[in-house]
Amino acid sequence: MAVVSATVCSVKQALSGAIEAGSTVTVRGWVRTRRDSKAGLSFVNVTDGSCFDSIQAVVPATLANYESEVKHLSTGAGLIVSGTLVPSQGKGQSFELQASEVTVTGLVDDPMTYPIQPKPLSVEFLREVAHLRPRTNLFGAVTRVRHTMMMAIHRHLTERGYFWINTPIITTSDAEGAGDMFRLSTLDLANLPRDDKGKIDFRKDFFGREAFLTVSGQLNVESYCMAMSKVYTFGPTFRAENSNTPRHLAEFWMVEPEIAFADLNVNADEAEALLKAIFKSILDERADDMAFFAERVQPDAISRLEAFIAKPFERIDYTDAISILQKSGQKFDYPVAWGIDLQTEHERYLAEKHIGRPVVVMNYPEAIKAFYMRLNDDEKTVAAMDVLAPGIGEIIGGAQREERLDYLDRRMTQFGLDTTTYGWYRDLRRYGTVPHAGFGLGFERLLVYVCGLSNIRDAIPFPRAAGTAEF
RNA sequence: GCCCGAAUAGCUCAGCUGGUUAGAGCACUUGACUGUUAAUCAGGGGGUCGCUGGUUCGAGUCCAGCUUCGGGCGCCA
């Protein structure tokens, strides 16, 4: 069967030069464009997603199904082409395929209304056809870079001795401190069980208590950190907040490394190393796609990644950052004072104008940061950090964790959290506590930056956001 | 959640101060031409102007509400 022939190769392999000219090969994919020539042949560009470029199949009019099928191929049609791989006689590609057989597996029904045309299409329109948009140059490139980025993260962390911990997606601890959660229930909404006081009786629910989708794997991964030393969680995360912006999703992916015996400085070292490793992998492995982004999406897409890698990140204290902002002479919409959380405009000034490269801001006021962050000796700040980068803003948030039980309890009480609910989390401090630190990296936000996209909904195959869950 | 903007052919858009039969490019289709490259040239088909109501002799155009999309802010990754 031609479909499983040993000569089958990807478009990437066919164009790579690794296959000897004159070889007989089979390429399978989808039509990008078709051009007919009166010289008795048609040029059919075929893509299969394996690389940015398409391969040009030169189809002679002498084929039996030329008039009946080949002449009806339009953008998007599925086909299998067998022929001889030869150096191209035309310009624009190194190799081409002199077709001896074309099997059409599926023509495009009503080509006029097929949404994917070989011309620039708006990302807004393509969101309406999310099931077909991976066939475009743009989304093909985003998809390959996304994969490369995922693999780069796993590879880099593995090489540095981290274990990937699959923390649960279902959680029963409410108020993890990272926003509204999606409720998970099998109760009959039209006939809810009630207790004596008339409240919903979650003891009758699937887990015997209230359950939600996770907003962070951090608390769970800390448990494994206290045994495996270097761990990370990397999976989908859910936020039920009604955030309608180009930077928010209701379902997104997050990488959260957690390191035992680490303080805030080690944490910052690890964050910097991870970001640089990701960018280096993408520049090395996805040059074709990055060239496309630089040409069509964001002119400095490549140079800014190179600049990011080139120099060490700056590190400053929150308190110093506040002074810098106050002395800047800039007009900010939100006034600057010690104790405020930095606004996007403040972060942009620091990273883009004052420092001009990535900066790690450290030691924030304790009142504006989460309960699990370690209280510093000044008792006014916690060992928290944000990595701010030109063009992105905050890309990483992290902290040294509070490993002292008495301090943790104090913080939990201060935040109005029930210490009994967090019994297992407190146990990690009761039984062999050690200093540790970790951080979180929003995967899609980084991908938006790498690809030069303007909306996070284009960085994930099927975006879920408030009011949006089609496909 | 708050504020601003937009919605006209499959796509991207033009359409003036309200006025007869709503246009262009691309795409599609037919033909010409060509080892072509988002090919080129000529012809053709294609529209409930987002929805509902209002003002008017007359609404794509003005007004109101709704829907959807986009942007800014908040929350955050």
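- Using C1' as the reference atom, G44(B) and C3(B) are 48 Å apart when rounded to the nearest Å.
- Ion pairing of R315(A) with D269(A) is present here, as a side-chain N (NZ or NE/NH1/NH2) and a carboxylate O approach within less than 4.0 Å.
- Consecutive pairing runs in RNA chain B reach the stem threshold at B:1-7 with B:67-73, B:10-13 with B:23-26, B:28-32 with B:40-44, B:50-54 with B:62-66, where a stem means at least three Watson-Crick or G-U wobble pairs with distances under 3.5 Å.
- In terms of position on RNA chain B, the residue among P115(A) and N45(A) whose nearest nucleotide sits closer to the 5' end is P115(A).
- The interatomic distance linking I55(A) (CD1) with U37(B) (C1') rounds to 14 Å, in whole Å.
- When distances run from any side-chain atom of S88(A) to the nucleotides C11(B), G70(B), U36(B), the shortest one goes to U36(B).
- Using C1' as the reference atom, C13(B) and U40(B) are 24 Å apart when rounded to the nearest Å.
- Using a 4.0 Å cutoff on non-hydrogen atoms, the parts of residues 246-257 of chain A near RNA chain B are P246(A), R247(A), H248(A), L249(A), F252(A), M254(A), ordered by number.
- The list of salt bridge (charged side-chain N to carboxylate O under 4.0 Å, His left out) pairs with a residue in residues 136-145 of chain A, not counting sequence neighbours, reads R144(A)-D289(A).
- For G71(B), the OP1/OP2 oxygens have a side-chain nitrogen or oxygen of N455(A) closer than 4.0 Å.
- Salt bridge status for R183(A) with E210(A): present, with a side-chain N to carboxylate O gap under 4.0 Å.
- With hydrogens and angles left out, the side chain of E96(A) and the base of G35(B) share a donor-acceptor pair within 3.5 Å.
- Between S281(A) and F279(A) there is no side-chain heavy-atom pair separated by less than 4.5 Å.
- When the P atom is used for both U8(B) and G15(B), the distance is 14 Å, rounded to whole Å.
- The shortest distance between the side-chain N/O atoms of S122(A) and the OP1/OP2 oxygens of U12(B) is below 4.0 Å.
- Counting heavy atoms of neighbouring residues, nucleotides and ligands inside a 6.0 Å radius, atom NZ of K280(A) does not exceed 12 of them.
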Can you give the donor-acceptor pairs under 3.5 Å from side chains of residues 464-471 of chain A to other protein atoms, not counting sequence neighbours?
{"residue": "R464(A)", "atom": "NH1", "partner": "E470(A)", "partner atom": "O", "Å": "3.1"}
{"residue": "R464(A)", "atom": "NH2", "partner": "F471(A)", "partner atom": "O", "Å": "3.1"}

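- Just one of R34(A), E96(A), R32(A) meets the side-chain contact (heavy atoms from CB on, under 4.5 Å) condition when paired with N45(A); it is R32(A).
- In this structure H147(A) satisfies the side chain to side chain donor-acceptor pair (under 3.5 Å) test with no other residue, sequence neighbours excluded.
- Side chain R457(A) to base C69(B): no donor-acceptor pair is found below 3.5 Å.
- Interface remark: the Q89(A) side chain does form a donor-acceptor pair with the G35(B) base, using a distance-only criterion of under 3.5 Å.
- Rounded to the nearest Å, the gap between the C1' atom of U36(B) and that of C41(B) is 16 Å.
- Applying the side chain to side chain donor-acceptor pair (under 3.5 Å) rule to E402(A) yields the partners R404(A); only residues at least two apart in sequence or on another chain are considered.
- With hydrogens and angles ignored, no donor-acceptor pair closer than 3.5 Å exists between the side chain of E241(A) and the base of G74(B).
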Do any N or O atoms of the protein come closer than 3.5 Å to N or O atoms of nucleotides 24-29 of chain B, and which pairs are they?
{"residue": "G25(B)", "atom": "N2", "partner": "K119(A)", "partner atom": "NZ", "Å": "3.4"}
{"residue": "C26(B)", "atom": "O2", "partner": "K119(A)", "partner atom": "NZ", "Å": "3.2"}

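- Of the candidates C33(B), U36(B), A38(B), the closest approach to any side-chain atom of P120(A) belongs to A38(B).
- Across A14(B) and A24(B), the matching C1' atoms stand 7 Å from one another, rounded to whole Å.
- Applying the ring-ring contact (aromatic ring centres under 6.0 Å, His included) rule to F462(A) yields no partners; only residues at least two apart in sequence or on another chain are considered.
- Atoms CD (E345(A)) and P (C76(B)) sit 16 Å apart, rounded to a whole Å.
- Minimum atom distance to the side chain of A39(A) is reached by G35(B), of the listed A77(B), G35(B), C69(B).
- Among pairs with a residue in residues 338-347 of chain A, those fulfilling side-chain hydrogen bond (donor to acceptor under 3.5 Å, both in side chains) read T319(A)-W338(A), at least two apart in sequence or across chains.
- Atom C1' of G58(B) sits at a distance of 40 Å from the matching atom of C2(B), rounded to the whole Å.
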Between protein and nucleic acid, restricted to nucleotides 41-43 of chain B and to nitrogen or oxygen atoms under 3.5 Å apart, what atom pairs and distances do you find?
none

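- Listed candidates were A32(B), U36(B), G70(B). Nearest to the side chain of R127(A) is G70(B).
- At most 12 heavy atoms of other shown residues, nucleotides or ligands fall within 6.0 angstrom of atom CZ in R296(A).
- Using a 4.0 Å cut-off between a side-chain N of Lys or Arg and a carboxylate O of Asp or Glu, R445(A) and E394(A) do not qualify as a salt bridge.
- Atom CG of D110(A) has more than 12 heavy atoms from other residues, nucleotides or ligands within 6.0 Å.
- One atom, NE2 of H346(A), and another, P of C73(B), lie 12 Å apart when rounded to the nearest Å.
- Close to U37(B), at under 4.0 Å from its OP1 or OP2, lies no side-chain N or O of R35(A).
- For the OP1/OP2 pair of G35(B) and a distance below 4.0 Å, the side-chain nitrogens and oxygens of Q56(A) include no atom meeting the criterion.
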Is there a side-chain hydrogen bond (donor to acceptor under 3.5 Å, both in side chains) between Y372(A) and Q218(A) once you walk through the steps? CA-CA 10 Å; Y372(A) 51 75; Q218(A) 183 208 316; 3.2 Å; yes
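- The side chain to side chain donor-acceptor pair (under 3.5 Å) search around T136(A) returns none, not counting sequence neighbours.
- Y422(A) and F371(A) have their aromatic ring centers within a separation under 6.0 angstrom.
- When the P atom is used for both G46(B) and C62(B), the distance is 29 Å, rounded to whole Å.
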Quick one, S223(A) with Y425(A), criterion side-chain hydrogen bond (donor to acceptor under 3.5 Å, both in side chains). Give me CA distance, side-chain angles, the key distance, then yes/no. CA-CA 8 Å; S223(A) 161; Y425(A) 190 69; over 6 Å; no
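- Distance check on atom C1': A59(B) versus A22(B) gives 13 Å, rounded to whole Å.
- Listed nucleotides: U36(B), U12(B), G74(B). Nearest to the side chain of F125(A): U12(B).
- Counting heavy-atom neighbours within 6.0 Å of F163(A) CZ, excluding the residue itself, gives a total of 12 or less.
- Mapped onto RNA chain B by nearest heavy atom, Y334(A) and V58(A) fall at different nucleotides, with V58(A) at the one closer to the 5' end.
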Identify all pairs in which a protein N or O lies below 3.5 Å from an N or O of nucleotides 1-8 of chain B, and state each distance.
{"residue": "G1(B)", "atom": "OP1", "partner": "N242(A)", "partner atom": "ND2", "Å": "2.8"}
{"residue": "G1(B)", "atom": "O5'", "partner": "N242(A)", "partner atom": "ND2", "Å": "3.4"}
{"residue": "G1(B)", "atom": "N7", "partner": "N242(A)", "partner atom": "O", "Å": "3.1"}

